[in-house]
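Mind looking over this structure? Questions follow.
Order of the sequence lines fixes the chain letters, A, B, ..., with proteins taken first and strands second; residue numbering starts at 1 for each chain. Because the structure is a prediction, the values reported are computed rather than measured.
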Amino acid sequence: MTPLPDIDQLLAAMARNLKTRLDNLHVREPAMVGIHTGGVWVAQRLHRLLDLTQPLGSLDISFYRDDFVRIGINPQVRPSHLPFSVDDRHIILVDDVLHTGRTIRAALNEIFDYGRPAAITLAVLIDRGGRELPIQADVAGQHLALDSHTHIKLTGPEPLALKLQTVR
Amino acid sequence: MKRHNIQLDKNGRLRHFLTIEGLSRKLLVEILDTAESFSGVAEQTIKKVPLLRGKTIVNLFFESSTRTRTTFELAAKRLSADVLNINVAASATSKGESLLDTLHNLQAMHCDMFVVRHDRSGTAHFIARHVAPHISVINAGDGRHAHPTQAMLDMFTIRRHKKEFAPLSVAIVGDILHSRVARSQIHALTTLGVHEVRVIGPETLIPAEAEALGVHVYHDLREGLRDVDVIIMLRLQHERMRGALLPSEHEYFRRYGLTGETLAYAKPDAIVMHPGPINRGVEIDSAVADGPRSVILEQVTHGIAVRMAVMSMAMSSHASLEGTT
């Protein structure tokens, strides 16, 4: 199995790629939103590296999940907080691991309940494949081809570390 | 042997919400935390989350209510559920249909939750025992027994202002005898571990067994309010009173009305609460009800988030039911 990547290097590369992308698109005053919990940790670091002026937002997508009828409400749900106007703004949506795409689907729906953004860029630390929806990252720290028995999880907030676990 | 609590499913999760009695501190805190998350929904441009999309919730009110019914309705709508309001005074029970027949008919329309208010104690429990397994029942007030969502929105309001329950002294003032709100508040406050609960009122309006609930009884308002952190005023429930329990409203206000003068006995940062509807000049002076220490309208706002929390938690329990079959 490939050794797990160094997170600081991934974050630095992600910040560079995001900067290039935002410059190319001539984006002014983008706002960053992290998805609870791992996505917020990644977003906090990217927000610092990119020196963004808008305060960082956070989303808990529990109320927008598509599996409520199967698994019910998550008792650890936190309030979502978008401390800026979403309307006509370029949003950088950040998550730790991109897998089926269902979390991102839920996050997109939630963002649109706050307003109509100009555009949304998706940045993830790890893209592990296994998509079930037509959703792709614009910026990914690393692509890992993991089989469905392998779980990858970001632990944090200090220090950030990736954990692999095989579940059979 | 531990008696089975009809409110909980086999995993200990909330299935019906009928009374605070018998629920753990952990579960009450979970309700408060979940409500805290739902309070963010009101900040959205579209004040709605899709959690209960496709579910049908029936507001079954056998007793009049404005605040409770409308906040339950708003809570259900903000969860994207479909809501049916049934005003029972104008419905089939007045044509001789029994309560169970009314229920079975609603069940046949594929409803998922009943929110019930009734002037008879125990109605919500009765309904919960007789509904199909996929239906949740929420008690929106039954006679003199319980009004658990009101108590939880009061706890939510107290926590917002005071952060911790442990150091608090809370005074509940007025008609304790007829108040389902007071009963539920006392259970919630003691379960959440407040330092002291006091009930203040004339002897005729304090139940004889009050001290058995773990509260301190006062008949003198000033003495009872001394150094409390939270004051909860209650309305005189004339509709439930049998016989002459009070000399007059004027006399009651003189002895038990909360005014600027009596409020001064409480701590300087004490908050003033009231479940509504308020009777100005009977239990509370307008200057206090509209004053800076009053959080009465905040209570109404918090009622929506708390009811969203309770509804979605009860519906979650069905989720696990479906998941295991």
Report the distance from atom CG of B:Leu51 to atom CZ of A:Arg65, rounding to the nearest 0.5 Å. 11.0 Å
Can you tell me how far apart CZ (B:Arg53) and CG (A:Asp66) are? Round to the nearest 0.5 Å. 10.0 Å
Quick check on B:Lys47 against chain A: is it the side chain, the backbone, both or neither that has a heavy atom closer than 4.5 Å? neither
Choice from A:Asp60, A:Leu82, A:Val77 maximising heavy atom contacts with chain B below 4.5 Å: A:Val77
Over 12 foreign heavy atoms within 6.0 Å of CD, A:Gln136: yes
Note, A:Phe63 side chain near B:Ser37 side chain (heavy atom, < 4.5 Å): yes
Assert top hit (heavy-atom pairs under 4.5 Å, partner chain A, pool B:Glu30, B:Glu36, B:Gln44) equals B:Gln44
Tell me whether B:Ile6 at atom CD1 has more than 12 heavy atoms from other residues, nucleotides or ligands lying less than 6.0 Å away. yes
Value for CD1 (B:Ile46) from OH (A:Tyr114), rounded to nearest 0.5 Å, stands at 11.5 Å
Heavy-atom proximity to chain A below 4.5 Å, by part of B:Leu52: side chain
Verify the neighbour count for atom NE2 of B:His104: are there more than 12 heavy atoms of other residues, nucleotides or ligands below 6.0 Å? yes
